[in-house]
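What you see is a predicted model, and the numbers here were worked out from it, not measured in a lab. Every chain is numbered from 1 and lettered A, B, ... according to where its sequence line falls, protein lines coming before strand lines.
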There are 2 protein chains.
Amino acid sequence: MIVAMSRYDPSAFPPFAVTVDLVVLTVRDHALCALLVRRGEPPFQGYWALPGGFVRPDEGLAEAASRELAEETGLRAHSAPGHEAVGPGAAGAHLEQLATYGHPQRDPRMRVVSVAYLVLAPDLPTPRAGGDASSARWAPVGELLGQSPVDGVPLAFDHGLILADGVERARSKIEYSSLATAFCPTEFTVGELRRVYEAVWGVVLDPRNFHRKVTGTPGFLLPSGGTTTRQGGRPAQLFTAGGASALNPPMLRPES
Amino acid sequence: MIVAMSRYDPSAFPPFAVTVDLVVLTVRDHALCALLVRRGEPPFQGYWALPGGFVRPDEGLAEAASRELAEETGLRAHSAPGHEAVGPGAAGAHLEQLATYGHPQRDPRMRVVSVAYLVLAPDLPTPRAGGDASSARWAPVGELLGQSPVDGVPLAFDHGLILADGVERARSKIEYSSLATAFCPTEFTVGELRRVYEAVWGVVLDPRNFHRKVTGTPGFLLPSGGTTTRQGGRPAQLFTAGGASALNPPMLRPES
DNA sequence: ATCATAGTCGTCTCTCTGACGATAAGCACA
DNA sequence: TGTGCTTATCGTCAGAGAGACGACTATGAT
């Protein structure tokens, strides 16, 4: 009978809970890191998990993701839906929808469908714990996705899978978009941008070819006029993110 | 109070309905077409909409999409999650998750979150109507996404947006993957594959350069041994899809 | 036989990449 | 005040790949 009504009466259906989970990535010390929170409640009490929470009845999905992000990190995200260009020198973090996970048994309590969002942020101070997280930390994704789970324990729920998907999305997306600038502060040097690519891809890039590529791609970088020596060595020109969002031709990941 | 419990007790939450919507694309008569069904019930009664339906309590999201697809078209989809290689000469259609739409007011009846799936299928006979659809048809996406909506009327709900996202996904994905073969029957010629690219991108490609590119990319095409003259002219070699799923370097869309 | 149609192979040029040499301009020390 | 170390930036060269397009091939239609 439920089946018969199912197509016509949504309220006749057993309820689903809808949550958002966040894959928040940043680059710290030459390594791609993800934000994890420790769960203070069952299920998976004491496990590390992705930050996230339930979507409220009157808010949109991206809105919920944005709110959770602010609650956990204080970051103000600006979502970049669809093909819309990301504004240059944007203050907040990049936020985009990643994928949705709805395996019937992914939460032992009830049927929960989780919409995962990917957040790319510049390096931040150690995150503040908030909400139901008794603590929070940046974990290098190399350790998380390699053989050894964090502290010898996998992530809660299916968050290991979600994280892996988020990292893969970030890795492929910086190839053909200017999204790598989302990992940088407003003003950055070519070398700093190169270190972002190196950390995300886990490779070493030739500084000369990289410099030629990014400065030769129209709209990728805008010279801001200043220089800095914060990386040591010869003063480097400072840039802000240009208006271009698509890189054509793409940046090539070496040794596929 | 709801907020206070919200993080810990999922069942304390007002229910969401979860649906799947399908963007089913195929190539017919040199044009990219999407499958639409006419709604027989309110809301949006009489409007064209994407096929879809409610997720059952005990089935996964891809499973629900697959079931709806079979109900509406009789197609057996094989989902290709993650980085998994698509088997050569696959019988069914390609199915992958597209995105999730959850604007609070997207369905006037209640809060509905819809997980959209993208299906790429070879050319099919005119679809059979099924379920709550009083009729079904293939609509060229050019008409749908251009200025003129179908029959002068836009699609139901936010399905116009979902369709646009699906088409964009298909357009960009055939650049760097071998997914265009999902639009072809098991055995196909280089020319037929080229016409797929031309239809999806809405461009004209040079047959000689295209031939060089696809036959020169290892793992893209496997010669099946036979030839055909079904397109007229000189007999063309028949191929099946090779095991490679990623194209490196990618196929370039002309005139970006 | 001739033509129209599509498929397949080659060639040339241009652009972009990868490899790598060379120079520039700061800082840390002796 | 150099000397050395570091990073930034510019140049050069060879090879891969793409776009433009000529030439030839093998069918069916007239």
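Read 5' to 3', the first and last nucleotides of DNA chain D with an atom closer than 4.0 Å to a heavy atom of chain A are dT6(D) to dT12(D). Protein chain B contacts DNA chain C over a range whose 5' and 3' limits, counting nucleotides with an atom under 4.0 angstrom from a non-hydrogen atom, are dT5(C) to dT11(C).
Here Thr100(B) pairs with Thr100(A) under the side chain to side chain donor-acceptor pair (under 3.5 Å) rule; sequence neighbours left out. Arg171(A) pairs by the side chain to side chain donor-acceptor pair (under 3.5 Å) definition with nothing, not counting sequence neighbours. The side chain to side chain donor-acceptor pair (under 3.5 Å) test applied to Arg234(B) returns no partner, not counting sequence neighbours. Applying the side chain to side chain donor-acceptor pair (under 3.5 Å) test to Arg169(A) and every residue at least two apart in sequence or in another chain returns Glu96(A). The side-chain contact (heavy atoms from CB on, under 4.5 Å) test applied to Ala199(A) returns Val27(A), not counting sequence neighbours.
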Run the numbers on Tyr197(B) and Val203(B) for side chain to side chain contact (heavy atoms under 4.5 Å, CB included), then give the verdict.
CA-CA 8 Å; Tyr197(B) 275 92; Val203(B) 298; over 6 Å; no

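Residues in residues 176-185 of chain A take part in no side-chain hydrogen bond (donor to acceptor under 3.5 Å, both in side chains) pair, two or more places apart or across chains. For residues 218-227 of chain B, there are no salt bridge (charged side-chain N to carboxylate O under 4.0 Å, His left out) pairs, not counting sequence neighbours.
Residue-to-nucleotide proximity on DNA chain D shows that, of Pro235(B) and Leu252(B), the 5′-proximal contact is made by Leu252(B). Taking the nucleotide of DNA chain D with the nearest heavy atom to each of Thr189(A) and Pro249(B), the more 5' of the two is matched to Thr189(A).
Residues from residues 191-200 of chain B that place a heavy atom under 4.0 Å from any atom of DNA chain D: there are none. Proximity of residues 204-220 of chain B to DNA chain C (heavy atom under 4.0 angstrom from any strand atom) is restricted to Arg208(B), His211(B), Arg212(B).
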Name each donor-acceptor pair under 3.5 Å that joins a side chain in residues 222-229 of chain B to protein atoms two or more places apart or in another chain, with its distance.
| from | atom 1 | to | atom 2 | distance (Å) |
| --- | --- | --- | --- | --- |
| Ser224(B) | OG | Glu187(B) | OE2 | 2.6 |
| Ser224(B) | OG | Leu238(B) | O | 3.3 |
| Thr228(B) | OG1 | Arg230(B) | N | 3.1 |

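Between the NZ atom in Lys213(B) and the CZ atom in Phe220(B) there is a gap of 9.0 Å [rounded to 0.5 Å]. Interatomic distance, Asp29(A) CG to Trp138(A) CH2, rounded to the nearest 0.5 Å: 12.5 Å. Rounding to the nearest 0.5 Å places OG1 of Thr26(B) at 9.5 Å from CG of Leu35(B).
Just one of Val24(A), Leu36(A), Asp158(A), Leu22(A) meets the side-chain contact (heavy atoms from CB on, under 4.5 Å) condition when paired with Leu50(A); it is Leu36(A).
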